[in-house]
Colleague: 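If you scroll down you'll find the structure; I have some questions about it.
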Amino acid sequence: MFIPLHDTNNLKHIKKQYVTITLIAINVLAWLFLTVSPEQTGQLAAIGLGYIPSTIYDIAERGPGQIIVPDYATYITYAFLHGDFMHLAGNMLFLWVFGDNVEDALGHFRFLVFYLLCAVAGAWLHGIIDTSSQVPLIGASGAIAGVVTAYLLLHPRVKVWVLILMRLPLKIPAWIPIVLWIAFQFLMFFAGGEDQVSWAAHVGGIVAGAVLTLLLKRRDVPLFDREIVTPRAVRVEFPAGSSVPSVRTEPEPAPRQSVPWGRQ
């Protein structure tokens with residue numbers, strides 16, 4: 001539907017999006033390692049680190065040589081593997097454009113927790129929908145869906161450059177492409193159908209992202225780009241010939257008639 005290119009939204013609470021950059025680096029390094037490795041190594045990684053519902057629900061078992069981490073750990077490890085370059089590039093581009101401002105709003109550690117829990121939620125819903133599946137689920141799409149949803153709740157009015165239909169660049173408020181993207185995920189989820197995309201994982205990440213944003217965001221970070229009301233300024237003056245300060249409170253500004261837009 002759309003490809004995000006850039007947003008006009010500066011960081012306000014952190015100097016650098018260290019967690020976002022680290023997550024991107026881990027995903028890229030994992031993909032590069034598996035790309036240069038023998039094909040059987042990639043297959044083993046998908047089975048040993050991917051999320052397989054049938055093994056989680058004790059319907060099937062991985063072979064002794066296929067176990068890399070415990071089954072419960074695959075709720076997270078699956079999110080650091082990708083099937084091909086376009087799969088990786090799409091997820092990492094979304095994370096690069098939207099992740100920094102979500103990390104800014106949550107803080108470094110809580111953003112990491114947020115990201116991993118969205119991945120867990122995506123895998124959980126995917127597994128609940130088809131507990132007998134023996135196909136490994138891989139990819140960060142569930143976690144990325146949570147990040148995109150968080151951005152919608154925090155900065156819907158910020159202008160974002162997006163590429164529509166792979167050819168038309170537009171600068172529009174973030175809520176327009178994100179709402180359409182979320183609606184498409186739910187439409188495909190309820191429509192069902194057999195393909196290689198786990199729409200359930202996307203929906204799980206979306207729901208988790210919405211809930212966790214409310215729970216984990218900084219207390220002074222508003223939702224929907226609402227204005228933060230700051231205390232009135234206080235001016236301290238020393239009258240001529242006196243060592244006793246005189247405190248003067250600045251008058252309150254006139255109330256705004258409309259809700260201000262986000263940073264342009």
Side-chain angles (χ1 to χ4, degrees), residues 1-14 17 19-20 23-24 90-108 110-115 117-119 121-122 140-166 168-190 199 201-230 255-264:
M1 292 182 64
F2 80 97
I3 299 175
L5 301 175
H6 175 69
D7 67 340
T8 54
N9 196 1
N10 296 327
L11 301 177
K12 304 173 182 66
H13 301 279
I14 61 176
Q17 62 275 34
V19 175
T20 298
L23 289 170
I24 292 174
N91 280 335
M92 295 304 102
L93 182 58
F94 271 75
L95 181 56
W96 174 255
V97 174
F98 298 119
D100 59 340
N101 294 109
V102 178
E103 182 176 346
D104 186 52
L106 273 61
H108 300 301
R110 281 180 291 180
F111 176 68
L112 177 60
V113 173
F114 170 90
Y115 184 91
L117 287 179
C118 287
S141 299
I144 302 303
V147 171
V148 173
T149 303
Y151 196 96
L152 174 64
L153 294 179
L154 295 166
H155 306 295
R157 298 171 177 175
V158 169
K159 296 295 181 65
V160 178
W161 277 102
V162 298
L163 193 62
I164 305 296
L165 300 177
M166 300 294 291
L168 179 62
L170 289 176
K171 187 179 182 181
I172 55 179
W175 70 266
I176 296 176
I178 294 179
V179 166
L180 291 175
W181 182 84
I182 291 176
F184 181 73
Q185 310 310 306
F186 276 92
L187 175 64
M188 296 303 294
F189 172 67
F190 288 112
W199 304 106
H202 295 192
V203 170
I206 290 169
V207 174
V211 174
L212 291 171
T213 299
L214 302 179
L215 297 176
L216 297 179
K217 75 177 185 67
R218 299 176 191 270
R219 296 182 63 182
D220 60 341
V221 171
L223 295 174
F224 308 114
D225 291 322
R226 290 200 305 262
E227 182 183 27
I228 301 175
V229 179
T230 57
R256 294 181 181 271
Q257 299 301 316
S258 60
V259 179
W261 288 67
R263 185 183 297 273
Q264 298 300 305

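FYI, side chains are in, hydrogens and waters are out, and symmetry mates aren't considered; it's all heavy atoms of this structure.
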Colleague: Which pair of non-hydrogen atoms, one from Cys118 and one from Ala143, has the smallest distance, and what is that distance?
Modeller: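 Heavy-atom minimum between the residues: CB-CA, 3.8 Å.
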Colleague: Which value, rounded to the nearest 0.5 Å, describes the distance between Phe98 atom CZ and Leu152 atom CG?
Modeller: 9.5 Å
Colleague: For Ala150 versus Thr213, what's the shortest heavy-atom pair and its separation?
Modeller: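 Of all heavy-atom pairs spanning Ala150 and Thr213, the closest is CB-OG1, 3.1 Å.
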Colleague: Suppose we screen for side chain to side chain contact (heavy atoms under 4.5 Å, CB included). Which residues come up paired with Leu117, at least two apart in sequence or across chains?
Modeller: Val113, Leu212
Colleague: Which residues pass the side chain to side chain donor-acceptor pair (under 3.5 Å) test with Ser141, sequence neighbours left out?
Modeller: Asn91
Colleague: Tell me every residue that passes side chain to side chain contact (heavy atoms under 4.5 Å, CB included) with Ala105, counting only those two or more places apart in sequence or in another chain.
Modeller: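 Ala105: side chain to side chain contact (heavy atoms under 4.5 Å, CB included) contacts with Leu154, Val221.
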Colleague: Between Val97 and Leu5, is any pair of side-chain heavy atoms under 4.5 Å apart?
Modeller: no
Colleague: For Ala210, which residues count as a side chain to side chain contact (heavy atoms under 4.5 Å, CB included) partner, sequence neighbours excluded?
Modeller: Thr149, Leu153
Colleague: Taking side chain to side chain donor-acceptor pair (under 3.5 Å) as the test, write out the residues that go with His108, two or more places apart.
Modeller: Glu103
Colleague: Going by side chain to side chain donor-acceptor pair (under 3.5 Å), name the residues that satisfy it together with Asp7, two or more places apart in sequence or in a different chain.
Modeller: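 Listed in chain order: Tyr151.
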Colleague: Considering only heavy atoms from C-beta outward, does the side chain of Tyr115 approach that of Val102 to under 4.5 Å?
Modeller: no
Colleague: How long is the gap from CG on Leu106 to CG on Leu216, to the nearest 0.5 Å?
Modeller: 5.5 Å
Colleague: At their closest point, which heavy atom of His202 faces which heavy atom of Gln185, and how far apart are they?
Modeller: ND1-OE1, 2.7 Å
Colleague: If you look at every heavy atom in Val158 and Thr8, which pair is closest and at what distance?
Modeller: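 Looks like CG1-O, 3.7 Å.
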Colleague: Hey, are the side chains of Leu215 and Phe114 touching, using non-hydrogen atoms and a 4.5 Å cut-off?
Modeller: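 Side-chain contact under 4.5 Å: no.
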Colleague: Can you confirm whether the side chains of Asp225 and His155 place a donor and an acceptor under 3.5 Å from each other?
Modeller: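 Side chains of Asp225 and His155: pair found under 3.5 Å.
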Colleague: For the CG atom of Leu95 and the CD atom of Gln17, what is their distance to the nearest 0.5 Å?
Modeller: 9.5 Å
Colleague: Can you see which heavy atom on Ile14 is nearest to which on Asp104, and at what distance?
Modeller: N-OD1, 2.9 Å
Colleague: By side chain to side chain contact (heavy atoms under 4.5 Å, CB included), which residues pair with Ile172, not counting sequence neighbours?
Modeller: Val162, Leu170, Ile176, Pro177
